[in-house]
Amino acid sequence: MTTAAPAVRRLTPSGGGPLRRRLRRWTAAWAFTLLGLVAVSGFLMPLGYMVATSMKDAGQASDPTAPIYPAKPATFSYQGKDYPIYSVPTPDGVVHQWALFEPHRESSLFIDPSHPEAGTIQWQGRYRTLTQAWQLSLKLDNFSDAWGIINFGRLLFNTFGIAILGTIGTLLSSICVAYGFSRFKFPGKNGLFLLLLSTIILPFQVTLIPSFAVYSKLGWVGTWLPLIVPHFFANAYNVFLLRQFFTTIPREMDEAAMMDGASPFRVLTSIIIPQSLPAIVAVGLFHFFFAWNDFFLPLIYLQGHPESQPLSVGIANFNSLYSQQPTLIQASALMALIVPVVIFFLAQKAFMRGVVITGVDK
């Protein structure tokens, strides 16, 4: 009587060996990196087009054979005259960069820029079928031309004035309201806070006509006042952001300051505000960028007053007048973009901390 031999099972480590795990991690890291680069490239592609177009010549922008980067037709100076350079194929299969000296229909004379002493070279073929050579050329005059045409300095001053004054009003009012909701107890506090938050979902188109009628009666139409004064009465989103940050600050700090004789206002200026600088910077940047890019309200209240209009309205008017010159349009748009980008990068660290709302350590 014989018995069957037990089956032998080979046990292998789950997940493979260390080399396989390391290879999987390396592949995943490279895949995510590649995906991130593709996404970033997609977002930056319009910006790259703007930068390239702003430094192009007007003739290049209308030439379908021109390269994407700023360039001009390559030329070679010979005997005091500039000759265009073409990519010329020869029977031996080599493509040369030669200057067209004397064009003809079926046979033309070229000059080799690297050996001009050799004289002219006869080439059989139609020169119009050749591809013209281009060389890098940055036309920085587009920025000065756009600056002068649209009075960019005045528009920049108006935009700064509206954005900075509105930001000051937003910070003062939002800090005070958020401080009241986060530190004081009063009847109907929760209901008032919910009522304030409910204004976030209220479309501004609903209040546009009544607001315009009120400002028209006050004689504010045509001035900066409708764009600045409303921001001195707080904003629900900004109040919510600051209130959430203020609640993370321990109340023990307030009590310690009050025991030393500090008033509520002193607590705000000495305890709350210094601890909440990231959130305050975030709120300030949010409003500054909003005011810098706002187009609809300045268009309504400053229509017919070009001396008071900001960049958004001025550049829109410039686009309608110079729609056939995309180089100047992109140059003006790029100049308007520089200031917000520089401010964001300078305050990036505090801005990100404020958005995340990290709070403070107890």
Side-chain angles (χ1 to χ4, degrees), residues 43-56 58 61 138-171 204-205 208 211-212 215 220-232 235 238 281-348 351:
F43 280 107
L44 295 181
M45 193 175 299
L47 180 61
Y49 173 81
M50 177 192 298
V51 174
T53 306
S54 64
M55 290 183 273
K56 288 182 180 180
L138 304 180
K139 187 174 176 55
L140 301 180
D141 294 342
N142 292 334
F143 297 97
S144 59
D145 294 342
W147 183 287
I149 292 175
I150 65 176
N151 195 9
F152 198 90
R154 180 64 184 181
L155 296 178
L156 188 64
F157 173 79
N158 295 340
T159 308
F160 262 114
I162 295 173
I164 291 177
L165 293 177
T167 301
I168 293 174
T170 295
L171 291 179
F204 79 96
Q205 292 88 348
L208 179 61
S211 299
F212 184 86
Y215 296 145
W220 288 4
V221 176
T223 67
W224 292 356
L225 294 177
L227 308 176
I228 297 175
V229 173
H231 300 298
F232 280 82
N235 175 274
N238 297 332
V281 170
V283 170
L285 290 180
F286 275 134
H287 181 80
F288 183 85
F289 295 150
F290 163 78
W292 189 275
N293 297 317
D294 189 20
F295 170 76
F296 188 69
L297 293 180
L299 178 65
I300 292 178
Y301 293 112
L302 299 177
Q303 185 69 29
H305 298 80
E307 71 283 353
S308 302
Q309 292 175 350
L311 279 171
S312 56
V313 180
I315 291 179
N317 295 334
F318 177 69
N319 293 351
S320 61
L321 295 176
Y322 293 86
S323 58
Q324 301 301 321
Q325 300 188 36
T327 56
L328 296 180
I329 294 176
Q330 297 299 336
S332 62
L334 184 61
M335 289 190 293
L337 183 65
I338 291 176
V339 174
V341 171
V342 172
I343 293 177
F344 175 77
F345 276 104
L346 292 178
Q348 181 181 10
F351 177 76

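FYI, side chains are in, hydrogens and waters are out, and symmetry mates aren't considered; it's all heavy atoms of this structure. We're numbering straight along the sequence, starting at 1.
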Q. Which value, rounded to the nearest 0.5 Å, describes the distance between Ser144 atom OG and Leu328 atom CG?
A. 9.5 Å
Q: Check whether any side-chain heavy atom of Asn317 lies under 4.5 Å from a side-chain heavy atom of Gln309, and answer yes or no.
A: yes
Q: To the nearest 0.5 angstrom, please state how far the CD1 atom of Ile329 sits from the OG atom of Ser54.
A: 12.5 Å
**Q.** Sole residue of Trp220, Phe212, Phe296 in ring-ring contact (aromatic ring centres under 6.0 Å, His included) with Tyr301
**A.** Phe212
Q: Locate the shortest heavy-atom distance separating Ser312 from Asn293; write the atom from each residue and the value.
A: CB-O, 4.3 Å
Q.
Whether the side chain of Thr159 engages the backbone of Leu311 through a donor-acceptor N/O pair (distance < 3.5 Å, no angle test) should be reported.
A. yes
Q. Is Phe43 atom CZ crowded by more than 12 heavy atoms from other residues, nucleotides or ligands, each under 6.0 Å away?
A. no
Q) Distance from Met55 atom CE to Asn142 atom CG, nearest 0.5 Å? A) 9.5 Å
Q.
So, taking the atom named CG in Leu297 and the one named CD1 in Ile162, what distance separates them when rounded to the nearest 0.5 Å?
A. 10.5 Å
Q.
Looking at every non-hydrogen atom in both residues, tell me the closest pair between Ile315 and Ala336 and how far apart they are.
A. CD1-CB, 3.7 Å
(Q) Within the supplied structure, the quantity of interest is the number of heavy atoms (other residues, nucleotides, ligands) at a distance under 6.0 Å from Phe157 CZ; does it exceed 12? (A) no
Q) If we only count heavy atoms from C-beta on, is the Ile300 to Leu208 side-chain gap below 4.5 Å? A) yes
Q: Check step by step if side chain to side chain contact (heavy atoms under 4.5 Å, CB included) holds for Val313 and Leu302.
A: CA-CA 9 Å; Val313 180; Leu302 299 177; over 6 Å; no
Q. For the side chain of His231 and the backbone of Val229, is there at least one donor-acceptor N/O pair under 3.5 Å apart?
A. no
Q. What's the shortest heavy-atom distance between Tyr215 and Pro230, and which atoms?
A. OH-CG, 3.1 Å
**Q.** For Ala52 against Lys56, the heavy-atom pair lying closest together
**A.** O-CG, 3.1 Å
**Q.** Distance-minimising heavy-atom pair for Asp294 and Pro298
**A.** OD2-CD, 3.4 Å
Q: Determine the sole option in Phe290, Phe289, Phe288, Phe295 for which the ring-ring contact (aromatic ring centres under 6.0 Å, His included) test with Trp292 is passed.
A: Phe288
Q | Nearest non-hydrogen partners of Val281 and Ala347, listed with the distance | A | CG1-CB, 4.2 Å
(Q) Counting only heavy atoms from other residues, nucleotides and ligands, does the tally under 6.0 Å from CD of Glu307 exceed 12? (A) yes
**Q.** Pairwise distance CE(Met335) to CZ(Phe152) - rounded to 0.5 angstrom
**A.** 4.5 Å
**Q.** Distance in Å, Leu47 CG paired with Gln330 CD, rounded so as to fall on 0.5 Å steps
**A.** 10.0 Å
(Q) Could you tell me if the side chain of Val339 sits less than 4.5 Å from the side chain of Phe160, heavy atoms only? (A) yes
